[in-house]
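Here the structure is a predicted model, which means the values were calculated and not measured. All heavy atoms count here, side chains included; hydrogens, waters and symmetry mates do not. Position 1 is the first residue of the sequence, and the numbers go up from there. Read the numbers this way: they start at 1 and go in the same order the structure lists the ligands and their atoms.
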Amino acid sequence: MDKISHGEILKKIWKHLQMGAEKRNHPFHTPVLATVSENNLPSARIVVLRRFIKDERALIFHSHIGAPKIKEIQNNPIVSFVFYHPQEKIQLRVTATSSIHTNDSIAEEQWQRTQLLSRRCYLGLPPSQICENPAPGFPEEFVNRKPSIEETVIGRKNFAAILSIINSIDCLELNVHGHRRSLFLWSENNSLQTKWLTP
Ligand SMILES: Cc1cc2nc3c(=O)[nH]c(=O)nc-3n(C[C@H](O)[C@H](O)[C@H](O)COP(=O)(O)O)c2cc1C
């Protein structure tokens, strides 16, 4: 197997997280986010990685403030993200500590970055409610047209940016000539410990 350092692997991880946040067709754009539900059960779903801030080891995604995952994160801010890149054959299992932002500069900056079409999701009821019939997830009038900027203003109060600071990354790289698994652990004072793991 090629000799490689943890530093080189981390550089590759940061590059893919950055691309995942910026490019819609990059597989890291849609990680699985796992939280602990109110009944203490695992709860996992896809979210869109909207932003990666390397210097803060921060991942940001957006959600409706009424989504069950918001309460779950408020109850237990330790979350896990799973990323997989099928061409590069890289799996990342990330643990992070999340905070919910609705009324501060983080929320405002992220709201300003949203597209009008995406804002439709904040104009109606939160996800995961039981409904009589199949529902589009936003008011019917926007099924076939983009809302105007004025029409999206009402959605701002339902918008949350969730910022997650990475605590650890377990990186598995699959390779026909031998897999490689590395572990990165950051302590509270941001010092980094690295280890190799059996794949
Ligand atoms: C490709 C894809 C991207 C999604 N992105 C988000 C997202 O960024 N934020 C979000 O709250 N839900 C997103 N969802 C919907 C969630 O997976 C989930 O169904 C919904 O938010 C309800 O989750 P909850 O009940 O656990 O809160 C996405 C679903 C898919 C399939």
Side-chain angles (χ1 to χ4, degrees), residues 16-53 56-88 90-104 106-140 142-143 146-147 152-166:
H16 281 296
L17 287 175
Q18 194 64 51
M19 290 192 337
E22 288 169 7
K23 297 188 190 314
R24 293 161 64 93
N25 57 0
H26 189 284
F28 280 14
H29 194 57
T30 46
V32 172
L33 164 78
T35 52
V36 178
S37 81
E38 290 190 87
N39 305 327
N40 231 11
L41 296 170
S43 180
R45 82 290 283 158
I46 304 277
V47 293
V48 171
L49 177 63
R50 298 285 173 184
R51 197 158 167 203
F52 170 59
I53 309 168
E56 297 174 29
R57 298 196 313 280
L59 306 169
I60 297 182
F61 70 91
H62 300 163
S63 196
H64 194 296
I65 188 66
K69 67 176 82 55
I70 298 289
K71 251 213 183 104
E72 293 170 6
I73 291 169
Q74 283 165 340
N75 287 343
N76 183 347
I78 308 297
V79 303
S80 169
F81 290 89
V82 179
F83 297 84
Y84 182 57
H85 194 310
Q87 289 80 36
E88 299 278 330
I90 303 174
Q91 171 186 262
L92 300 185
R93 298 165 75 195
V94 172
T95 66
T97 306
S98 297
S99 50
I100 314 282
H101 299 261
T102 53
N103 235 334
D104 58 11
I106 295 175
E108 193 48 39
E109 190 180 346
Q110 290 305 121
W111 175 253
Q112 292 307 332
R113 287 167 166 242
T114 55
Q115 311 253 340
L116 291 179
L117 263 188
S118 310
R119 288 187 182 182
R120 291 183 302 182
C121 301
Y122 306 104
L123 301 179
L125 291 172
S128 306
Q129 310 295 303
I130 291 175
C131 45
E132 293 268 303
N133 293 299
F138 42 79
E140 291 280 349
F142 302 125
V143 168
K146 198 157 78 170
T152 65
V153 171
I154 187 182
R156 174 65 184 85
K157 66 176 192 320
N158 295 324
F159 174 80
I162 299 87
L163 179 125
S164 305
I165 305 290
I166 296 174

Considering only protein heavy atoms, which is closest to atom 22 (C) of ligand 1, and at what distance to one decimal place? S128 OG, 3.4 Å
In this structure, atom 9 (N) of ligand 1 is nearest to the protein heavy atom H62 O, 2.8 Å
Non-neighbouring partners of F61 that pass ring pair (Phe, Tyr, Trp, His ring centres under 6.0 Å), sequence neighbours left out: none
Polar contacts were defined as any N/O atom of the residue lying under 3.5 Å from an N/O atom of the ligand; does this apply to [X] and ligand 1?
X	value
V48	yes
R45	yes
R50	no
K69	yes
I46	yes

Examine the proximity of ligand 1 to E72 and report which part, side chain or backbone, both or neither, has a heavy atom under 4.0 Å away. neither
Looking at OG1 of T35 and CG of N75, how far apart are the two atoms once the value is rounded to the nearest 0.5 Å? 10.0 Å
So do the side chains of Y122 and H62 get within less than 4.5 Å of each other, counting heavy atoms only? yes
Counting C-beta onward and ignoring hydrogens, is there a side-chain heavy-atom pair between R119 and W111 closer than 4.5 Å? yes
Protein heavy atoms: any of them under 4.0 Å from atom 5 (N) of ligand 1? yes
Counting from 1 in the order shown, the ligand 1 atoms closer than 4.0 Å to a non-hydrogen atom of S63 are 10 (C), 11 (O)
Does a sphere of radius 6.0 Å around CD in Q115 hold more than 12 heavy atoms from other residues, nucleotides or ligands, not counting ones at 6.0 Å or beyond? no
Main-chain N/O of L117 paired to R120 side chain as donor or acceptor, under 3.5 Å: yes
Any donor-acceptor pair under 3.5 Å linking the side-chain atoms of R51 with those of Q110? yes
